Amino acid sequence: MRYLPLSETDRGEMLARVGVKSVDDLFADIPKDKLLKAPVDLPRRKGELEVERILSRMSSKNISASSVPFFVGAGAYKHHVPATVDHLIQRSEFLTSYTPYQPEIAQGTLQYLFEFQTQVAALTGMEVANASMYDGSTGTGEAVLMAHRVTKRRKAVLSGGLHPHYIDVVQTLSKMASDEVAALKADVSGTEDILSQIDDSVSCVVVQSPDVFGNVRDLKPIAEKAHKHGALLIAVFTEVVSLGLLQSPGSQDADIVVGEGQSIGNALNFGGPYVGLFAAKSKYIRQMPGRLCGETVDADGNRGFVLTLSTREQHIRRDKATSNICTNSGLCCLAFTIHMTLLGETGLKRLARINHANAVKLADALSGVKGVEVLNKTFFNEFTVKLAKPAAEVVERLAEKGILAGVPVSRLLPKSGLDNLLLVASTEVNTDEDRAAFVAALKEVL
């Protein structure tokens, strides 16, 4: 992309056109304490070759997730992605295609999005799914906005087991819309009294299962209480593979289901792009954000696909749009769909069982280490341990020994008093040797 510098005159004309006095006025909605007090400590200019050398030296300090025993999760998980997935999505007809603005000539794109929706609906146990969101966190924010539209209320109750990043996204969107958010205190044990927070003023209750601490939650009582008061239950997940083993949110009477689909078909990739999954009961279909693809037949009776609903501001809905999402994470959706197709129902269930079995082995091994306490009674492939020392310190020491041990809770919830807690994940990529190395190194560090 070319860099085209602007003159002061150019900037002045642009600011005058949008009706502000300075560039700083464009950032008025950002809290003052979030703004930098000075420019980032970087050189003002460097040649391309110099920049390449500097960044290469920096990147060489990283430890690759594939080169050492890896137990990091907390919303982004390392799974094996078959080579077939990358091979197919890099075909030019997939790699270079974009959003279906002319759906009648984008049959291939519409078909795989339709298949994606079908898979998501089956996984979540819901009646209808859309053609993807950016990721799980922004999808959760969209789900809350959708619940407000459905119920005509403006208050959301967020479980203390919801991923802190997801909470932050919901709070940011809600602040801009002047909506009320009641975020409960971090719930390590998964025993919070969320039912007492539900009354006739509540639009929706947002609950994650497995939650950020790994606890598997029973959604049925929450759904029952929410519906009694005219509120919706939004069920969230960050590990989609868990749906191969656990009871689906739809079978627990969730109204909206949203989560992260990165685990299927999409590598860790430095945090993105990922693929948000979004499904709901069919009676709420008109309030869903994003796109919905449908199946039909043409004038000759041949099978075809259409863009059934597109409720974005770029289309005819304009100011009545339910969302301003400007893409559909299409290539990530395709990767998800290919991988899910390769797995099939039997393969997904087997993958989920292996994940859980590996996590159980790790939990059993860690519980035998002096100074380690496994806190979870139930979990899928991730759980929380309490250490005898601050978890951030232990993680750094283990990294020096070539073990990427997990995510300190203090990184997600700073100043929460949970400094000794560590989130640990174990997927199908972990071996017995990996777990043994983790245990041995942890004994040395503690």
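Predicted model, so just to flag it, every value in this text is computed and none were measured.
- A donor-acceptor distance shorter than 3.5 angstrom exists from the side chain of Asn376 to the backbone of Thr384, with no hydrogens or angles considered.
- Aromatic ring pairs are classed by plane angle as parallel below 30°, tilted from 30° to 60° and perpendicular above 60°; the pair Tyr112 and Phe94 is perpendicular.
- Looking at residues two or more places apart in sequence or on another chain, you find no salt bridge (charged side-chain N to carboxylate O under 4.0 Å, His left out) involving Glu400.
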Can you list, pair by pair, the side-chain donor-acceptor contacts under 3.5 Å of residues 30-38, counting residues two or more places apart and other chains?
none

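- A donor and an acceptor atom, one from each side chain of Asp135 and Thr138, are located under 3.5 Å apart.
- Other residues, nucleotides and ligands contribute only 12 or fewer heavy atoms inside 6.0 Å of the NZ atom of Lys349.
- Between Ile222 and Asp218, the shortest heavy-atom contact is CD1-O, 4.0 Å.
- Residues satisfying the salt bridge (charged side-chain N to carboxylate O under 4.0 Å, His left out) test with Glu295, not counting sequence neighbours, are Arg303.
- Contacts of Asp434 classified as salt bridge (charged side-chain N to carboxylate O under 4.0 Å, His left out), with partners at least two apart in sequence or in another chain: none.
- If you take OG1 on Thr84 and CD1 on Ile338, they are separated by 8.5 Å, rounding to the nearest 0.5 Å.
- Closest non-hydrogen pair, Ala392 versus Ser410, comes out as CB-OG, 4.1 Å.
- A distance of 8.0 Å separates CZ in Phe116 from CD in Gln119, rounded to the nearest 0.5 Å.
- The backbone N or O of Leu195 lies less than 3.5 Å from a partner atom in the side chain of Lys225, making a donor-acceptor pair.
- Under a cut-off of 6.0 angstrom, the local environment of NZ in Lys386 is sparse, with at most 12 non-hydrogen atoms contributed by other residues, nucleotides or ligands.
- Atom CD of Glu48 has 12 or fewer heavy atoms from other residues, nucleotides or ligands within 6.0 Å.
- Contact check for Gln247 versus Lys220: side-chain heavy atoms found under the 4.5 Å cut-off.
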* Asked: Please walk me through it: do Val206 and Val170 pass side-chain contact (heavy atoms from CB on, under 4.5 Å)?
  -> CA-CA 10 Å; Val206 185; Val170 172; 6.0 Å; no
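- Residues Leu398 and Phe438 have side chains in contact (heavy-atom distance under 4.5 Å, counting atoms from C-beta outward).
- Taking Ser56 as the reference, Glu52 meet the side chain to side chain contact (heavy atoms under 4.5 Å, CB included) condition, with sequence neighbours excluded.
- With sequence neighbours excluded, no residue forms a side chain to side chain contact (heavy atoms under 4.5 Å, CB included) with Lys377.
- Within the 3.5 Å criterion, the main-chain N or O of His80 finds a donor-acceptor partner in the side chain of Glu428.
- In terms of heavy-atom proximity, Asp211 sits nearest to Gly190 at OD2-CA, 4.2 Å.
- How far CG of Asn62 is from OG of Ser67: 10.0 Å, rounded to the nearest 0.5 Å.
- A 4.5 Å side-chain heavy-atom check between Val85 and Leu88 finds every atom pair outside the cut-off.
- A 6.0 Å sphere centred on CE of Met58 holds no more than 12 heavy atoms belonging to other residues, nucleotides or ligands.
- With sequence neighbours left out, the side-chain hydrogen bond (donor to acceptor under 3.5 Å, both in side chains) criterion links Lys46 to no other residue.
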* Apply side-chain contact (heavy atoms from CB on, under 4.5 Å) to Lys361 and Asn430, showing your working. => CA-CA 11 Å; Lys361 290 179 183 178; Asn430 297 128; over 6 Å; no
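- Glu224 CD: 12 or fewer foreign heavy atoms inside a 6.0 Å radius.
- Of the candidates Leu246, Leu219, Val257, Leu233, Gln252 forms a side chain to side chain contact (heavy atoms under 4.5 Å, CB included) with just one, namely Leu219.
- Formation of a donor-acceptor pair under 3.5 Å by the Asn130 side chain with backbone atoms of Leu292 is not found in this model.
- Asp432 and Arg435 are joined by a salt bridge, as a carboxylate oxygen and a charged side-chain nitrogen come within less than 4.0 angstrom of each other.
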* **Leu375 vs Leu421, side-chain contact (heavy atoms from CB on, under 4.5 Å): CA-CA, chis, key distance, verdict** => CA-CA 9 Å; Leu375 300 183; Leu421 301 189; 3.7 Å; yes
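- Here Leu49 pairs with Arg53 under the side chain to side chain contact (heavy atoms under 4.5 Å, CB included) rule; sequence neighbours left out.
- Residues passing the salt bridge (charged side-chain N to carboxylate O under 4.0 Å, His left out) test with Arg397: none are found, sequence neighbours excluded.
- Between the CG atom of Leu342 and the OG1 atom of Thr337 there is a distance of 11.0 Å, given to the nearest 0.5 Å.
- Taking a 6.0 Å sphere around CZ of Arg350, one finds it holds 12 or fewer heavy atoms contributed by other residues, nucleotides or ligands.
- Tyr284 is linked by a ring-ring contact (aromatic ring centres under 6.0 Å, His included) to nothing, counting only residues two or more places apart in sequence or in another chain.
- Under a 4.0 Å N-O distance rule, the pair Arg217/Glu192 qualifies as a salt bridge.
- The NZ atom of Lys389 sits 15.0 Å away from atom CG of Asp419, with the distance rounded to the nearest 0.5 Å.
- In this structure, Glu382 and Leu423 approach most closely via the heavy-atom pair OE2-CB, 4.1 Å.
- The side chain to side chain donor-acceptor pair (under 3.5 Å) test with Ser203 is passed by exactly one of Arg149, Glu180, His148: His148.
- Counting only N and O atoms by type, the side chains of Lys185 and Ser416 include no donor and acceptor under 3.5 Å apart.
- Listed for the His227 side chain is a donor-acceptor partner under 3.5 Å among the backbone atoms of Ala223.
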* **Intermediate values then yes/no, side-chain contact (heavy atoms from CB on, under 4.5 Å), Val360 and Phe379** => CA-CA 9 Å; Val360 169; Phe379 58 86; 4.1 Å; yes
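- The structure places CG of Leu334 at 10.0 Å from CG of Leu95, a figure rounded to the nearest 0.5 Å.
- Considering all non-hydrogen atoms of both residues, Ser137 and Val169 come closest at O-CG1, 3.6 Å.
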Show every donor-acceptor pair shorter than 3.5 Å between a side-chain atom in residues 261-279 and any protein atom, with sequence neighbours excluded, or say none if there are none.
| residue | atom | partner | partner atom | Å |
| --- | --- | --- | --- | --- |
| Gln262 | OE1 | Tyr77 | N | 2.9 |
| Gln262 | NE2 | Tyr77 | O | 2.7 |
| Gln262 | NE2 | Asn266 | O | 3.0 |
| Ser263 | OG | His79 | NE2 | 3.4 |
| Ser263 | OG | Glu239 | OE1 | 2.7 |
| Asn266 | ND2 | Ile264 | O | 3.2 |
| Asn266 | ND2 | Cys332 | O | 3.3 |
| Asn269 | ND2 | Gly272 | O | 2.8 |
| Tyr274 | OH | Leu268 | O | 2.5 |

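- Contact detail for Leu418 and Ala186: the closest heavy-atom pair is CD1-CB, 4.2 Å.
- Under the side chain to side chain contact (heavy atoms under 4.5 Å, CB included) criterion, Thr308 pairs with Val306, sequence neighbours left out.
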